[in-house]
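Quick note on labels: first sequence line is chain A, next is B, and so on, each numbered from 1.
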Amino acid sequence: GDSEISVPNSTMASLYVGDLHHEVTEAMLYEKFSPAGPILSIRVCRDAVTHRSLGYAYVNFQHLADAERVMTDMNLYIIKGKPVRLMWSQRDPSLRKSGIGNVFVKNLEKSINNKSLYDAFSSFGNILSCKVITDDNGSKGYGFVHFEHRESAERAIQKMNGILLNDLKIFVGHFKSRKDRESELGAQTREFTNVYIKNFGEDMDEDRLSKIFEKFGPTLSVKVMRDDCGRSKGFGFVNFQKHEDAQNAIDNMNGKELNGRQIYAGRAQKKLERQTQLQRHFEQLKQNRIVRYQGVNLYIKNLDDDIDDENLRKEFSSFGTITSAKVMMNNGRSKGFGFVCFSAPEEATTAVTEMNGRLVAMGLWVALAQQKKGTKPIPNQMPFEDGRVQAIHLGPPGRSFLDF
DNA sequence: CATGAGCGC
């Protein structure tokens, strides 16, 4: 019947108070809000185990009119240095999570806070929630204004996008979830038009580059990057009108010879994308090294200064096939350690066993390395992260890997 | 440059 779906009046006077400083108590909230009218109850929500504040509370007023007044007069009121974010208690999370009416704002000048953002956007409709994102250094320069109705959001975007706020031109657009943004970025990437070309040397200008690439289709721009003296830096960009032409240009030109050099042509990337890609690439190489050298690479420490690659190789050559022997150098001087890599793990193991005997006979000292990353070294063992498994310490007692 | 988090007795 009707009684089952009707909303009790008491919920209408229930306010959600968010973004609370963790030390804010019921008593403090009572002190701030009770002047507005009689309060039925206040509850700061806390973790059941630790009893730490979850950073939000409910303030239940006896009269709806009082709650409404608090809502307009005391939103973003600062308690313990933080503006509290008032919302009507709304147990159904669907509206909050739908994202409808939620607006994203960026390029906000540092002094713009929750309140000034609210004031800048309040004329477009009822705001459910408004917030500038901050860290220890203050504003991070972007925020959110969540309107009750999508029409308000549309109006706000229409009127506010691109306007100056404290001399900064702000961007205002529909909020997009992380997932949405990522798939959008993926689509952009798939439909790229800008081609990056490198390794064409100094003898290049826009006209020449244009001649070479215009046969793949009409371009929007052609650019050769130059240093301060105006010399070509050996790379540049050709932006096509159509993605298919850009792709075609890459397929045909990548690896081609130009000015006697092999040029590279590929999708132009933003700096950040390039950086993260390089980082991933580097990490992959490292992983490969770990696998490749697992069990075959020896680490040798405390080498005499005059030991070179050849000495090292000779010393270990009787144990198997050496794929590399390297004394690490620092501007012409030995760093006192190096690596010997065998073609098979059995050879490496033999080398350690045999050298162990020999070195002990010489009054020296041998240790096995530890393979696991993140574990504490135990005496006479050495932690490695790149697949080196054996360590042989040559040198007087008293020095150990801990000196290294 | 930037695309949250948030609902109880």
Side-chain angles (χ1 to χ4, degrees), chain A residues 7-8 10-22 24-26 29-30 39-48 51-62 67 71 75-76 82-110 112-114 117-118 121 127-148 153 156-157 160-162 165-166 168-188 269-276:
Chain A
V7 180
S10 62
T11 64
M12 293 302 290
S14 186
L15 296 185
Y16 167 90
V17 188
D19 293 354
L20 287 179
H21 188 287
H22 283 278
V24 171
T25 62
E26 280 87 352
L29 292 173
Y30 184 82
I39 286 174
L40 291 174
S41 65
I42 296 184
R43 176 187 180 80
V44 172
C45 295
R46 297 177 181 280
D47 182 280
H51 212 239
R52 184 180 155 83
S53 165
L54 294 171
Y56 65 91
Y58 297 95
V59 177
N60 299 314
F61 284 91
Q62 197 170 332
M71 196 61 167
N75 192 18
L76 306 176
K82 287 189 73 183
V84 299
R85 197 160 47 83
L86 297 182
M87 297 175 72
W88 292 106
S89 174
Q90 176 69 60
R91 290 186 122 103
D92 177 6
S94 54
L95 179 62
R96 292 196 298 270
K97 294 194 169 153
S98 76
I100 293 169
N102 198 6
V103 165
F104 171 69
V105 188
K106 70 179 173 184
N107 208 30
L108 290 171
E109 193 268 330
K110 286 281 182 200
I112 292 172
N113 57 20
N114 288 7
L117 186 65
Y118 188 101
F121 282 85
I127 293 172
L128 297 176
S129 166
C130 174
K131 184 169 182 169
V132 172
I133 302 304
T134 59
D135 60 15
D136 299 338
N137 306 318
S139 166
K140 290 176 84 171
Y142 67 97
F144 308 90
V145 184
H146 195 160
F147 290 96
E148 182 180 8
I157 291 166
M160 298 293 279
N161 185 33
L165 216 56
N166 291 7
L168 277 187
K169 190 173 170 178
I170 60 169
F171 168 90
V172 184
H174 286 288
F175 166 75
K176 293 170 189 165
S177 69
R178 167 158 286 142
K179 214 167 71 209
D180 289 350
R181 296 198 76 229
E182 276 166 4
S183 62
E184 201 170 83
L185 239 121
Q188 269 175 32
Q269 291 171 293
K270 288 191 173 173
K271 197 170 193 168
L272 192 83
E273 185 193 357
R274 178 72 180 147
Q275 263 171 3
T276 53

Whole-Å distance between [N] [atom2] and [X] [atom1]?
{"X": "A:Y142", "N": "B:dT3", "atom1": "OH", "atom2": "P", "result": "5 Å"}
{"X": "A:N102", "N": "B:dT3", "atom1": "CG", "atom2": "C1'", "result": "9 Å"}
{"X": "A:L76", "N": "B:dA5", "atom1": "CG", "atom2": "C1'", "result": "15 Å"}
{"X": "A:N137", "N": "B:dC1", "atom1": "CG", "atom2": "P", "result": "19 Å"}
{"X": "A:N161", "N": "B:dA2", "atom1": "CG", "atom2": "P", "result": "14 Å"}
{"X": "A:I100", "N": "B:dT3", "atom1": "CD1", "atom2": "P", "result": "22 Å"}

So which one's nearest nucleotide on DNA chain B is more toward 5', A:L108 or A:L128?
A:L108
Nearest-neighbour nucleotide for the [X] side chain, [options] considered:
{"X": "A:Y16", "options": "B:dG4, B:dT3, B:dG6", "result": "B:dG6"}
{"X": "A:M87", "options": "B:dG8, B:dG4, B:dC7", "result": "B:dC7"}
{"X": "A:F144", "options": "B:dC9, B:dT3, B:dC7", "result": "B:dT3"}
{"X": "A:K106", "options": "B:dT3, B:dC9, B:dC7", "result": "B:dT3"}
{"X": "A:R181", "options": "B:dT3, B:dG6, B:dG8", "result": "B:dT3"}

Tell me, do A:Y58 and A:Y16 make a side-chain contact under 4.5 Å, heavy atoms counted?
yes
Just N and O in the side chain of A:K176: are any of them under 4.0 Å from OP1 or OP2 of B:dT3?
no
Could you measure the distance from the OG atom of A:S14 to the CZ atom of A:R91? Nearest 0.5 Å is fine.
7.5 Å
Show your working on side-chain contact (heavy atoms from CB on, under 4.5 Å) between A:F104 and A:K176 and close with a plain yes or no.
CA-CA 8 Å; A:F104 171 69; A:K176 293 170 189 165; over 6 Å; no
Is NZ or CZ of A:K106 both nearer than 6.0 Å to the six-membered ring centre of A:F171 and within 45° of the ring axis?
yes
Any donor-acceptor pair under 3.5 Å between the side chain of A:N107 and the base of B:dA2?
yes
Please work out if A:R178 contacts a base, only the sugar-phosphate, or nothing of the nucleic acid, heavy-atom cut-off 4.0 Å.
sugar-phosphate
Base, sugar-phosphate or nothing for A:Y58? Non-hydrogen atoms, less than 4.0 Å.
base
